[in-house]
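Below you'll find the structure, written out as structure tokens, and then a few comments.
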Amino acid sequence: MDSEFRELYQEIILDHNRSPKNYGSLKDATHRLEGQNPLCGDHYVIYLKVEGDVVKDIRFEGKGCAISKSSASVMSEFVKGKKISEIDKYFELFKKIVRGELDPAEYMDKLGKLAVFAGVSEFPIRVKCATLPWHTLHSAIHSKTKEKVTTEE
Ligand code: ZN
């Protein structure tokens with residue numbers, strides 16, 4: 001990873017950790033799910049307002065490390081207004097990016113700030129911090145569970 005990319009990574013994590021987007025609860029949520037990563041102590045609730053096959057609105061609240069919080073914040077900006085089928089595809093790409101399986105430079109146009117989370121791939125223990133909000137979102141949309149999801153089963 002070049003130094004310019006690393007700077008961008010740090011800047012986005014710091015920015016979104018300090019002032020997360022879409023933070024708080026959603027009164028008219030159609031979906032709500034808790035997600036936790038016990039390895040790090042990350043714990044969030046994700047609220048969604050889904051209409052048809054589109055995520056019309058999203059909020060999250062909770063606490064955790066800078067990586068999980070900034071990931072939730074960037075994700076919330078990214079998925080708002082998108083179709084569920086698109087979100088599923090981006091989730092697959094995001095998992096590959098944070099595991100270092102794709103070159104983020106090739107995906108900057110498509111993924112924007114999400115691609116920057118490739119920086120996490122250098123710290124395998126933090127990969128679950130970055131993917132927790134996505135796993136929670138995915139489970140909230142697709143599973144019938146009203147229970148918590150966790151990165152450790
Ligand atoms: Zn964490």
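Counting begins at 1 with the first residue of the sequence. Ligands are counted one by one from 1 in listed order, and the atoms in each one are counted from 1 as well.
- Relative to the ring axis of F117, K113 does not place its NZ or CZ within 45° and under 6.0 Å from the centre.
- Contact between V45 and E34 at its shortest, heavy atoms only, is CG2-CG, 3.6 Å.
- Ring geometry, H138 versus F91: the interplanar angle falls from 30° to 60°, so the pair is classed tilted.
- A donor-acceptor pair is defined here as one N or O able to donate and one able to accept, closer than 3.5 Å; no such pair exists between the side chain of E7 and the backbone of E4.
- Within the 4.5 Å cutoff, side-chain heavy atoms of I87 are placed close to those of W134.
- Judged by distance alone, with hydrogens and angles left aside, the side-chain atoms of S70 form a donor-acceptor pair with the main-chain N or O of A66 at under 3.5 Å.
- If you count the protein N, O or S atoms nearer to the Zn ion (ligand 1) than 2.8 Å, you get 5.
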